[in-house]
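For reference, the structure is listed below as structure tokens.
Sequence lines set the chain letters: A, B, ... in the order given, protein chains first and strands last, and positions in each chain run from 1. Keep in mind the model is a prediction, meaning the values are calculated, not measured.
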Amino acid sequence: MEGYNYTIWIVLLPFLVFLVVGTGSLRIRPIVAGWIGTGSILITLALSLMCAWNYFGAGAPEGGWQTLIPYDMVWLRFNDTLQVHMGILLDPISVMMLVVISVVSSMVHIYSLGYMKGEAGFARYYAFLSLFSFSMYGLVLATNLFQIYFFWELVGISSYLLIGFYYDRHSAVAAAKKAFIVTRFADFGFMIGILLLSWYTGTFDFATLTSPDGAAIAKAASVSFMGASVLTWALVLIFIGGAGKSAMFPLHIWLPDAMEGPTPVSALIHAATMVVAGVYLVARLFPLYIFGDATALEVVAWTGAFTSLFAAIIALTQEDIKRVLAYSTMSQIGYMMLALGVSGSGGEEGLGYTASMFHLFTHAMFKALLFLGAGAVIHAVHSNLMDGMGGLRRYLPLTHASFLVACLAIAGIPPFAGFFSKDEILAAALHKDPVLFGTALLVAGLTALYMFRLYFRIFWGENKSYAHPPHEAPATMWVPLMILAALSALVGFIPFGEYVSPDRLPHASHLDMSIAITATAVSVLGILTAMWLYRKPSGVPARISGGLGALYRAAYRKFYIDEIYMGVTKNILFKGISSPVAWFDRHVVDGAMNGIGWVTARVSKEIKGLQSGHVQQYALGFMLGVLALVFVFIFWLKQ
Amino acid sequence: MIPGVSLLEILTVSTLMFFIGVYGFVTRKNLITVLMSLELILNGAAINFAAFNKYLYPGQPDGQFFTLFLIAVAAAEVALAIAIVINLYRRILSVDVDNVNTLKH
Amino acid sequence: MEKIIFYILSATILLLSLFSVTSRRLLRSAVYLFGVLSAVAGFYFLIGYHFLGAVQLTIYAGGIVVLIIFSILLTHEIDHQMEQPGLIRSLGAGALCFAGAAMMINLLANNPFQRQELAEQSDINTLGTLLLSSGDGGFLLPFELVSILLLAAMIGGIVIAKYTLGGGKEKNEKPTP
């Protein structure tokens, strides 16, 4: 406990930078703002790594990894029982998240120095990035539900601000609003879940809620509501919040549009860190999910499985490289959710939990790398669309190499990182349910297919002629790419089971050979298919998509989910609810108000003549009044 | 005390005088005649003071003093009012009450 | 004898008051007013308040009426005839005044006035002493207040009369005819 006092600075430093750079964004020079932001995030990277080293380096104590709370203060004191704390909680998953966030955030900060160079609002960009880092650190280090909700909304705000960074572009503004409204809608479920849970347990605190004896939540589990216990309802509602943030079907519609933001932002927020907050939330409350009946976890598992398949199919058809990556992110997060959903409480059963966190970790590395690589490609050819690309491997050798590493990692080819985590997920899924396993395996093949479709169409394929010959990115951009490529290649060898497991006890990781071989074979099949289709320009892809007809068109239009939402919103919400309410407001409420005003105006108009300014009329009125008073009080009332 | 004349008779005269003044005040259009009506009203009140003093409280001359002060105040008021009337006449060439309705604004 | 004089004075007061508020000629109106004020002074003399009567004559009849006549002469042609007030207006005002007078007289007739039987003190010596004494029954404070009021009225009259259209800066500006 003593040695972790510096962790407070991990949270506070980005916040201070946000205040300084944010308030002075118009005065300080852009490059100074960039270096302040980058410098501070590098300090938090050092602190996070130091924290991880201190925490994990000593080995697991007797009885499993401890939960440490270096800071805890009362933030809001409503009364003696209702108090809201703010603090810092260190346990295996929060320390792991610290490492993920600080690494990806540092890489993105450095990368942005080159990518965003010369953009208007450069200082503002760094202020928002710092705000996001602050919120994300606060979120993962939260000690209680209220704090996590607080920072949950803050990351939502940062995401909104960064998606709408190019606020003079109509589509960016629309995307920012969409992201904000959809996640807000989901957060409403989260909030109700928090309220339910804290009402029945009387606490926000994670340590109390997740204590192994389950005393705090027994009450919530015993109360039944509409055929399920209150605990299950609360957990499903909290999962809705997580699903909104993590872009699970059907709340996923904001994520592809969020690609309107600058590409490094997509890498940081919409690929590596914020969107996995939902996974982190479920993992954080995992003992509750285990304690409750199986319903909530099944919801998690099936939502994850469906989303991963659904998103993978859409990713096959998209033309915009950032959108392919966005759907790929959704698919991979679905994978993590699936792994959490199939997990048990400990031992061999708990493999899914470990696998999910492991995949979160590796995915953050190679997905950030993919986005940053895509950013380098966009930087070079000034376009998002794959049609305009081809043969870029000759122009961008470094980007090409790192991108290939990332594709191999996400496809799950040994020895790259994705192989290990994906293998664990598949093993966990097989353990639980063959259908889920089959889905996951299919998704693994599709992942390899759409990633290498992307890869071959960008870097191989037809040699396009470019108006400006593409050139390799500057050092500020390719150095992070190289670092992330090295990490993507190597982090798979971390013995994750030693560190992260639902019962906090170290477990030796081992590869299940039959699953590993099957999965690798499926991935290689996907890669070979992609190679056959896209390595050289050919008419085969067009013929296949033509043959599929309606199915292809549906996938290309993202299965019309956006249209369904718009239809529901327009026809049911706007026409059915909002319009009558607006009519009522305009005609009844406003009408009453206007009526009062009209009556007042008319009456004053009528009696305006009395205020003639003629002294004699006033005197007459005065006399009349006096006589009336005399009459009333002396003659009438005296009788 | 006037032999054979009751207080009520005097008060009746002063009341009538007062209301004649009120009538003039309300009906007259010329500022100067309005002023004159005002004098009638004041005199009606002044007669009352003197009559009460004479008939009801002869031990002290308070009523006379009030009448005196009333005359002094009336003199001051008339002096100011005449100044205003003349100034007004210089401005709008009229002393008609109907033309002086700036109170409206 | 006094009774007859009182009735004559009363008749004079009421009739001349009526003429004064109804006459169409301004100057005649002022002259009628002069008659009313003189009759009131006569009433004061009749009830033995000689000092009051003298003051009424000098200040009211002698001062105020003269001021009013001056102002009439300054602002009107001598033979200017005022228009009559409208019928509705005069009838309405008359009805109102009649009702008010009737109410007041009714009230006065039914009110039992109590007379204090005390020796009368109304000679000029007593008046002068009391007016300048600050003790019991003395009127020094109102006396001083009236002196301040008169001073203020004097200054006010000068300021208002001096005020011209040009803001009072042009000294010898002639009044616009």
Side-chain angles (χ1 to χ4, degrees), chain B residues 2-5 7-8 11-13 15-17 19-24 26-30 32-33 35-37 39-40 43 46-47 50-51 54-62 64-65 67-69 71-80 82-87 89-91 93 95, chain C residues 2-3 6 10 13-14 17-18 20-21 26 29 33 40 43-44 46-47 49 52 55-56 59-60 63-64 67-68 71-72 74-75 82 85 89-90 93-94 97 100-101 104-105 108-109 113 115-116 118 120-122 126-127 130 137 139 142 146 149-150 153 156-157 160-161 163 165 175-176:
Chain B
I2 313 169
V5 176
L7 178 62
L8 181 62
L11 293 181
T12 305
V13 172
T15 305
L16 288 175
M17 192 178 165
F19 278 102
I20 290 169
V22 170
Y23 173 82
V26 174
T27 55
R28 293 291 222 174
K29 291 210 180 292
N30 190 302
I32 296 172
T33 49
L35 208 59
M36 282 153 53
S37 307
E39 297 305 322
L40 286 180
N43 262 282
I47 291 175
K54 183 77 184 175
Y55 275 76
L56 301 181
Y57 307 98
Q60 284 172 317
D62 292 1
Q64 294 182 63
F65 285 136
T67 310
L68 270 177
F69 292 135
I71 291 170
V73 169
E77 168 243 318
V78 166
L80 280 180
I82 294 293
I84 290 171
V85 165
I86 290 178
N87 202 339
Y89 180 75
R90 286 212 302 236
R91 285 185 157 231
L93 289 182
V95 288
Chain C
E2 279 101 341
K3 196 173 173 181
F6 172 73
S10 301
I13 288 173
L14 294 179
S17 299
L18 266 178
S20 172
V21 297
L26 261 176
S29 205
L33 180 67
V40 172
F43 170 75
Y44 292 150
L46 186 63
I47 59 175
Y49 289 170
L52 212 53
V55 167
Q56 171 86 4
I59 295 183
Y60 251 125
I64 291 175
L67 255 183
I68 287 174
S71 69
I72 290 169
L74 276 173
T75 55
M82 290 184 294
R89 188 168 178 147
S90 46
C97 292
M104 284 306 295
I105 291 166
L108 292 170
F113 290 108
R115 178 182 163 81
Q116 282 183 328
L118 287 169
E120 195 172 327
Q121 292 182 324
S122 63
T126 325
L127 281 180
L130 280 178
F139 273 78
V146 164
L149 174 79
L150 287 173
I160 293 172
Y163 186 79
L165 282 176
T176 40

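- For C:Ile13, the part lying near chain B is the side chain, with the backbone staying farther off; criterion is any non-hydrogen pair under 4.5 Å.
- Of the listed residues (C:Ser17, C:Ser10, C:Gly94), the greatest number of heavy-atom pairs within a distance under 4.5 Å of chain B belongs to C:Ser17.
- Between B:Ser37 and C:Val21, the shortest heavy-atom contact is OG-CG1, 4.0 Å.
- Taking every heavy atom of both residues into account, B:Pro61 and C:Leu127 meet most closely at CB-CD2, 3.6 Å.
- Distance check, rounded to the nearest 0.5 Å: CD1 of B:Ile20 to SG of C:Cys97 gives 9.0 Å.
- Taking the side chain as every heavy atom from C-beta outward, B:Thr12 and C:Leu108 never approach each other to under 4.5 Å.
- Here the side chains of B:Leu68 and C:Val55 are in contact, with some heavy-atom distance below 4.5 Å.
- Between the side chains of C:Tyr44 and B:Gln64, no donor N or O sits under 3.5 Å from an acceptor N or O.
- The CD1 atom of C:Ile105 sits 8.0 Å away from atom CG of B:Leu8, with the distance rounded to the nearest 0.5 Å.
- In terms of non-hydrogen atom pairs under 4.5 Å with chain C, the most contact-rich of B:Val85, B:Asn30, B:Leu35 is B:Asn30.
- Contacts of C:Arg115 classified as salt bridge (Lys or Arg N to Asp or Glu O under 4.0 Å), with partners at least two apart in sequence or in another chain: C:Glu117.
- The minimum heavy-atom distance between B:Ala50 and C:Leu52, with the atom names listed, is CB-CD2, 4.2 Å.
- Each of B:Val26, B:Leu40, B:Thr33 has some count of heavy-atom pairs under 4.5 Å with chain C, and the biggest count is that of B:Leu40.
- In this structure, the portions of B:Ile84 lying under 4.5 Å from any heavy atom of chain C include both its backbone and its side chain.
- Chain C forms the most heavy-atom pairs under 4.5 Å with one residue out of B:Ala46, B:Gly21, B:Pro58, and that residue is B:Pro58.
- Within the model, atoms CG of C:Leu33 and CD of B:Glu39 stand 6.5 Å from one another, a figure rounded to the nearest 0.5 Å.
- At distances below 3.5 Å, not a single donor-acceptor pair connects side-chain atoms of C:Tyr60 with backbone N or O atoms of B:Ala74.
- Annotation: maximal heavy-atom pairing with chain B below 4.5 Å, among C:Phe139, C:Phe43, C:Phe6, C:Phe113, occurs at C:Phe139.
- Taking each heavy atom of B:Ala76 and C:Ala153 in turn, the nearest pair found is CB-CB, 3.6 Å.
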Exercise for review: Give the C-alpha distance, both sets of side-chain angles, the deciding distance and a yes or no for side-chain contact (heavy atoms from CB on, under 4.5 Å) between B:Asn43 and C:Gln56.
Suggested key: CA-CA 10 Å; B:Asn43 262 282; C:Gln56 171 86 4; 2.8 Å; yes
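- Residue contact with chain C, scored on non-hydrogen atoms closer than 4.5 Å, involves the backbone and the side chain of B:Lys54 alike.
- Between B:Phe65 and C:Leu130 there is a side-chain heavy-atom pair separated by less than 4.5 Å.
- C:Lys3 and B:Gly4 get closest at one heavy-atom pair: CE-O, 3.4 Å.
- Contact annotation: the side chain of C:Ile68 approaches that of B:Ile82 to within less than 4.5 Å [non-hydrogen atoms, C-beta and beyond].
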Point to revise | Step-by-step side-chain contact (heavy atoms from CB on, under 4.5 Å) determination, C:Leu149 to B:Val73 | key: CA-CA 8 Å; C:Leu149 174 79; B:Val73 169; 3.7 Å; yes
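- When the candidates C:Leu74, C:Thr75, C:Ile64 are compared by the number of heavy-atom contacts under 4.5 Å with chain B, C:Thr75 comes out ahead.
- Annotation for B:Leu80 and C:Gly157: closest pair CD2-N, 3.3 Å, computed over non-hydrogen atoms.
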